[in-house]
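Each remark here refers to the structure printed beneath this line.
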Amino acid sequence: MDKKVISTNRKAFHDYLIFDRFDAGIVLTGTEIKSVRKGMFNLKDSFAKIEDGEVFLYNMHISPYEQGNRFNHEPERIRKLLLNKQEIMKITGKIKKENYTIVPLELYLSHGFAKIEIGLAKGKKLYDKRETITKKTQERDIARSMKR
């Protein structure tokens, strides 16, 4: 698969437990895709919602394109995500049943199209975050000692 990852949302992996992942297309304008290809965007505080059987992405900041003049886009507009109906139904069922949140995990280019990987997630508690940090440091120490 021709997949060029542009950015990953590391904050999502720190703040949430990810249970299921889906790949979705994004509806972007011309100046938005040019800014995305340059890497001028931020996934940090973004999230997705399902409204009327469609999935929308909120708070994803895409900086205006320098050569975009008056036809430039609004940086934090609501963007539609493209998923199959079965995927949307599956996500809706899990959100209602198990109280999940939809967070974007990574943005990538596939055959020239911008795609986003979204995940069904639950927020971590403070002690879970501390636990993962200590686990990472222990693994890092073990890897260092094995290297020597």
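Since the structure is predicted, the reported quantities are computational estimates derived from the model, not experimental observations.
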Practice problem: For Tyr100, check ring pair (Phe, Tyr, Trp, His ring centres under 6.0 Å) against everything at least two apart and list the hits. | Solution: Phe19
Self-check item: Set of side-chain hydrogen bond (donor to acceptor under 3.5 Å, both in side chains) partners for Lys38, sequence neighbours left out
Solution: Glu66
Quiz item: Is the side chain of Arg10 donor-acceptor paired with the backbone N or O of Thr8 at a distance under 3.5 Å, no angle test?
Solution: no
Quiz item: If you look at every heavy atom in Ile116 and Pro104, which pair is closest and at what distance?
Solution: CD1-CB, 3.5 Å
Practice problem: Return the minimal non-hydrogen interatomic distance between Ile62 and Ser35, and the atom names on each side. | Solution: CG2-CB, 3.6 Å
Quiz item: How many angstroms lie between atom CD1 of Ile78 and atom CG of Asn59, to the nearest 0.5 angstrom?
Solution: 9.0 Å
Practice problem: Identify, with sequence neighbours excluded, every residue that meets side-chain hydrogen bond (donor to acceptor under 3.5 Å, both in side chains) alongside Lys44. | Solution: none
Exercise. Identify, with sequence neighbours excluded, every residue that meets salt bridge (Lys or Arg N to Asp or Glu O under 4.0 Å) alongside Arg144.
Key: Asp141
Practice problem: Hydrophobic side-chain clustering at under 4.5 Å (ILVMFWY, transitive links): who's grouped with Ile18? Put none if nobody. | Solution: Phe13, Tyr16, Val103, Leu105
Quiz item: Looking at residues at least two apart in the chain, or sitting in another chain, which of them share a side-chain hydrogen bond (donor to acceptor under 3.5 Å, both in side chains) with Arg37?
Solution: none
Quiz prompt | All side-chain hydrogen bond (donor to acceptor under 3.5 Å, both in side chains) counterparts of Glu87, not counting sequence neighbours | solution = none
Practice problem: Would you name the heavy atoms of Met60 and Leu57 that are closest together and state the gap between them? | Solution: SD-CD2, 3.3 Å
Quiz item: Among pairs that include at least one residue of residues 116-126, which meet salt bridge (charged side-chain N to carboxylate O under 4.0 Å, His left out), considering only residues two or more places apart or in two chains?
Solution: Arg21-Glu117
Exercise. With sequence neighbours excluded, give me every side-chain hydrogen bond (donor to acceptor under 3.5 Å, both in side chains) pair touching residues 127-139.
Key: Asp15-Lys129
Quiz item: Is there a side chain to side chain contact (heavy atoms under 4.5 Å, CB included) between Phe22 and Ile102 once you walk through the steps?
Solution: CA-CA 10 Å; Phe22 298 92; Ile102 309 171; over 6 Å; no
Self-check item: Heavy-atom closest contact (Leu83 atom, Ile91 atom, distance)
Solution: CD1-CD1, 4.0 Å
Quiz prompt | Nearest-0.5 Å distance, OG1 of residue Thr101 to CG of residue Leu120 | solution = 9.0 Å
Quiz prompt | Selection residues 91-109 - residue pairs positive for salt bridge (charged side-chain N to carboxylate O under 4.0 Å, His left out), sequence neighbours left out | solution = Lys3-Glu106, Asp20-Lys94
Practice problem: Any chance you could lay out the side chain to side chain contact (heavy atoms under 4.5 Å, CB included) test for Lys4 and Tyr108, step after step, and finish with the verdict? | Solution: CA-CA 5 Å; Lys4 180 185 172 194; Tyr108 61 93; 5.8 Å; no
Quiz prompt | Nearest non-hydrogen partners of Leu107 and Phe41, listed with the distance | solution = CD2-CZ, 3.3 Å
Practice problem: Determine, using the 4.5 Å side-chain heavy-atom cutoff (strictly less than), whether Ile118 and Leu82 are members of one ILVMFWY cluster. | Solution: no
Self-check item: Contacts of Ser63 that satisfy side-chain contact (heavy atoms from CB on, under 4.5 Å) - sequence neighbours left out
Solution: Met40, His61
Quiz item: Do Tyr65 and Leu28 belong together in a cluster built from hydrophobic side chains that touch within less than 4.5 Å?
Solution: no
Only pairs under 3.5 Å count here: list side-chain donor-acceptor contacts from residues 45-53, not counting sequence neighbours, and write none if there are none.
residue, atom, partner, partner atom, Å
Asp45, OD1, Lys11, NZ, 3.3
Ser46, OG, Leu43, O, 2.7
Glu51, OE1, Tyr58, OH, 3.3
Glu51, OE2, Tyr58, OH, 2.5

Quiz item: Do Leu109 and Ile26 share a hydrophobic cluster, counting only Ile, Leu, Val, Met, Phe, Trp and Tyr and linking them when any side-chain heavy atoms are less than 4.5 Å apart?
Solution: yes
